[in-house]
Every structure is written in C-alpha cells, then in structure tokens.
Visitor: 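Structure below; questions to follow.
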Amino acid sequence: ETVLELRNIAKSYDMKTLIIQDIDLQLKQGEFVSIIGPSGAGKSTLLRCINRMIEPTSGDIIFDGTNITQLNKASLRKQRTKIGMVFQHYNLVSRLTVFENVLHGRFGYKSTLQGILGLYTEEEKMLALSILEKLGMKEHVYKRCDQLSGGQKQRVGIARALVQQPKLLLCDEPIASLDPNSSKVIMDHLKEISQSMGITVLVNLHQVDVALKYSDRIIGLNRGSKLFDDLPKRLSQMD
Ligand code: ADP
Ligand code: ADP
C-alpha cells in the first residue's frame with residue numbers, strides 16, 4: 001500500500017531560485033526511508049512540503065489516497081493528524097510535563113483552558129502513557145521537559161507524534177543534536193515504530209553510516225535534486 005506519493009515537487013522561497021525540484025517519491029506502508037545530503041541540500045524544505053508546513057511551489061502530494069496539494073485549511077488539518085512530525089530541536093513546551101506535552105500534541109486546543117490534564121479522557125491518557133512506556137519514558141512522565149536530557153526530550157517528541165496515531169512519521173534531523181548513545185536509542189525506536197507499528201518513517205539525516213544501518217531505502221539529495229533512491233546494500237557496494 002502506497003502511503004505517500006510526491007509528483008514533481010518544486011519549491012522556491014523567492015519565486016526565482018528553486019530550492020528543490022523534480023522530486024518524485026513513493027513511500028509504502030511501514031517503510032523506513034532516509035533522505036541524506038549536505039547541509040543546505042533542501043532536505044528540511046522537502047520534508048516540510050509533505051505536510052504543507054511549507055507550501056510547495058508546484059507538484060502534487062498524494063497522501064493516504066487523497067491529493068492534499070490544494071486542500072483548504074480545515075480539510076488539510078484533518079489529513080495532517082495522520083502525519084506526525086519530529087524535530088531536531090524537539091519543539092517541546094519546556095515548562096510543561098512530559099505527559100502534558102504528549103497530550104498537548106494531539107489535543108492542543110483543549111489547553112487554552114486551565115488545568116491541562118483534567119481535560120483529557122481516560123482513554124486519551126492511557127494511550128499517551130502506553131506510548132511513553134514503549135519509549136522507555138514511564139518513570140519520567142511527571143517531570144518537566146526542561147529537566148530531561150536531549151535523548152529523553154526527543155523520545156517525548158516522538159511520543160507526541162505517535163499519540164496522533166499517524167500513518168506517516170516525518171523526522172527532520174532527529175539525532176543531529178544528540179550524542180552517539182542517545183542517537184542509537186532514538187534510531188532504534190524509529191526503526192521499531194516502522195517495523196512493529198507499520199508506520200511509514202521518513203527521516204532526514206546527514207550521517208551516511210546511520211542511514212545505511214537503518215534504512216530500507218536511501219534517497220540522496222544534492223542542491224535540491226534527487227541524486228539517487230536506492231537500497232542501502234546497493235549504495236554500500238558503490239561506496
Ligand atoms: P537542509 O535541510 O538540507 O539543510 P534546507 O531545506 O534547510 O536544507 O535549506 C535549503 C536551502 O533553502 C538553504 O539555502 C536555506 O538557506 C534555504 N531556506 C530554507 N528555509 C528558507 C526560508 N524559509 N526562506 C528562504 N530560504 C530558505
Ligand atoms: P533548524 O536547523 O532548527 O531547522 P534552520 O537554521 O535550518 O534551523 O532554520 C530555522 C528557520 O529559519 C526555519 O524555519 C527555516 O525555514 C528558516 N530559514 C532557514 N534558512 C533561511 C533563509 N535563508 N531565509 C529565511 N529563513 C530561513
């Protein structure tokens with residue numbers, strides 16, 4: 001089953017230079033795919049075009065059987081709940097607890113009122129807890145996020161994306177701010193998420209060795225164009 005298809009995506013921020021161009025891409029359910037390339041290649045721009053966090057200048061985005069390229073805000077919001085996003089700098093609310101951050105991700109509109117936790121149903125809380133437990137964060141649930149290590153913060157970022165029960169998880173340089181040990185923990189979790197939960201995972205990375213170790217497929221991006229889209233095995237033979 002194809003979860004995502006990009007057809008001829010291009011993006012210009014200034015209507016003059018194309019930052020990415022001619023991007024075609026297909027992702028199947030449960031696939032783990034990495035995008036690699038030097039800084040400035042357009043990896044982040046491409047990832048953000050997928051959920052229209054950045055509007056592509058041209059091309060089509062077909063997600064979960066729907067062409068979302070032209071959808072209005074309300075319809076897009078509905079589709080976006082099925083696309084989780086994980087960031088390099090975590091994007092957590094540091095004065096809130098782990099639990100609050102995770103619930104906030106899915107049900108953010110409720111938190112405009114006072115007393116965040118009281119607003120969620122038992123079912124919502126159980127889902128958040130079970131995901132945090134799977135990610136090894138059970139004992140940190142009631143800590144404020146500013147008390148966590150980088151690796152722990154990133155697991156909260158992943159949990160916040162997973163409570164949406166996404167079909168696709170977009171990860172923009174998820175380990176770029178982490179030490180090698182925390183990076184391994186995060187990559188192992190992302191791999192597990194694709195394999196056992198069947199969620200499609202698309203990850204921007206700049207470490208080729210990490211991409212080779214974890215990916216089903218690797219896409220190489222340079223100066224905004226796709227250089228290759230291949231199996232890690234074939235790429236390591238070419239070296
Ligand atoms: P990567 O993720 O591979 O490092 P980016 O997508 O972040 O690449 O950036 C690609 C190019 O697009 C860079 O030259 C960057 O400066 C430019 N760029 C990124 N975001 C914007 C923006 N909001 N406005 C203008 N230029 C941008
Ligand atoms: P990060 O590494 O956390 O993604 P960046 O420095 O790449 O941070 O980008 C931070 C923000 O600035 C992003 O929203 C990005 O789109 C924007 N940005 C990056 N490059 C440019 C640029 N050349 N002009 C305008 N905005 C940019």
Side-chain angles (χ1 to χ4, degrees), residues 3-27 31-63 68-71 73 76-77 80 83-92 150-151 153-154 157-158 160-161 166 168-180 182-183 186-187 190-191 193-194 200-230 232 235 238:
V3 169
L4 178 75
E5 184 177 353
L6 300 182
R7 292 186 195 147
N8 209 10
I9 292 289
K11 173 65 184 177
S12 172
Y13 290 102
D14 59 5
M15 288 315 208
K16 283 185 283 194
T17 45
L18 289 173
I19 296 295
I20 55 171
Q21 56 196 309
D22 303 324
I23 304 291
D24 293 310
L25 177 65
Q26 278 201 25
L27 299 178
E31 256 191 318
F32 190 110
V33 177
S34 300
I35 302 174
I36 62 172
S39 185
K43 303 184 294 296
S44 184
T45 299
L46 173 57
L47 213 69
R48 284 159 203 235
C49 279
I50 291 172
N51 63 358
R52 289 179 53 199
M53 211 170 152
I54 292 176
E55 291 289 352
T57 305
S58 59
D60 282 292
I61 311 157
I62 295 96
F63 169 70
I68 66 166
T69 324
Q70 308 285 347
L71 286 186
K73 279 236 167 79
L76 178 63
R77 200 175 303 131
R80 267 184 179 161
I83 307 178
M85 190 124 190
V86 171
F87 303 90
Q88 175 179 353
H89 300 294
Y90 327 118
N91 291 16
L92 304 175
K153 283 180 186 163
Q154 195 55 294
I158 294 170
R160 180 185 52 193
L168 172 63
L169 188 60
L170 304 174
C171 309
D172 195 2
E173 299 281 0
I175 59 168
S177 302
L178 302 178
D179 62 57
S182 306
S183 295
I186 294 302
M187 292 303 296
L190 292 177
K191 186 73 183 178
I193 285 161
S194 74
T200 306
V201 177
L202 183 63
V203 193
N204 280 351
L205 289 170
H206 57 259
Q207 307 90 327
V208 179
D209 56 331
V210 177
L212 287 171
K213 179 175 170 191
Y214 287 94
S215 311
D216 297 321
R217 263 164 59 207
I218 302 178
I219 292 157
L221 204 64
N222 194 27
R223 293 168 170 270
S225 296
K226 206 164 80 172
L227 277 188
F228 55 79
D229 179 344
D230 217 333
L235 291 168
M238 291 194 307

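Every number for a ligand or one of its atoms is a count from 1 in the order of the listing. Not measured: the values here are computed from a predicted model. When reading the values below, keep in mind they use all heavy atoms of this one structure, side chains included, and skip hydrogens, waters and symmetry mates.
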Visitor: Is there a polar contact between ligand 1 and Ile19, counting only N or O atoms under 3.5 Å apart?
Guide: no

Visitor: One thing to verify: whether Asp24 and Arg7 come together as a salt bridge, which I'm taking to mean a side-chain N less than 4.0 angstrom from a carboxylate O.
Guide: no

Visitor: Ignoring hydrogens, what is the shortest heavy-atom contact between Leu221 and Lys43? Give both atom names and the distance.
Guide: CD2-N, 3.6 Å

Visitor: If the cut-off is 4.0 Å to any non-hydrogen atom of Pro38, which atoms of ligand 1 fall inside it?
Guide: 3 (O)

Visitor: Run the numbers for me: atoms of ligand 1, each under 4.0 Å from some heavy atom of Lys43, listed by number.
Guide: 1 (P), 2 (O), 3 (O), 4 (O), 6 (O), 8 (O)

Visitor: Is Ser44 in polar range of ligand 1, meaning some N or O pair under 3.5 Å apart?
Guide: yes

Visitor: How many angstroms lie between CG in Asn8 and CG in Asp22, if you round to the nearest 0.5 Å?
Guide: 5.5 Å

Visitor: At a 4.0 Å cut-off, with the gap strictly under it, does some heavy atom of Ser39 reach an atom of ligand 1?
Guide: yes

Visitor: Which residue is it: Ile83, Ile50, Leu46, Leu169? I am looking for the one with a side chain to side chain contact (heavy atoms under 4.5 Å, CB included) to Leu202.
Guide: Ile50

Visitor: Is atom CD of Gln70 surrounded by more than 12 heavy atoms (other residues, nucleotides or ligands) closer than 6.0 Å?
Guide: no

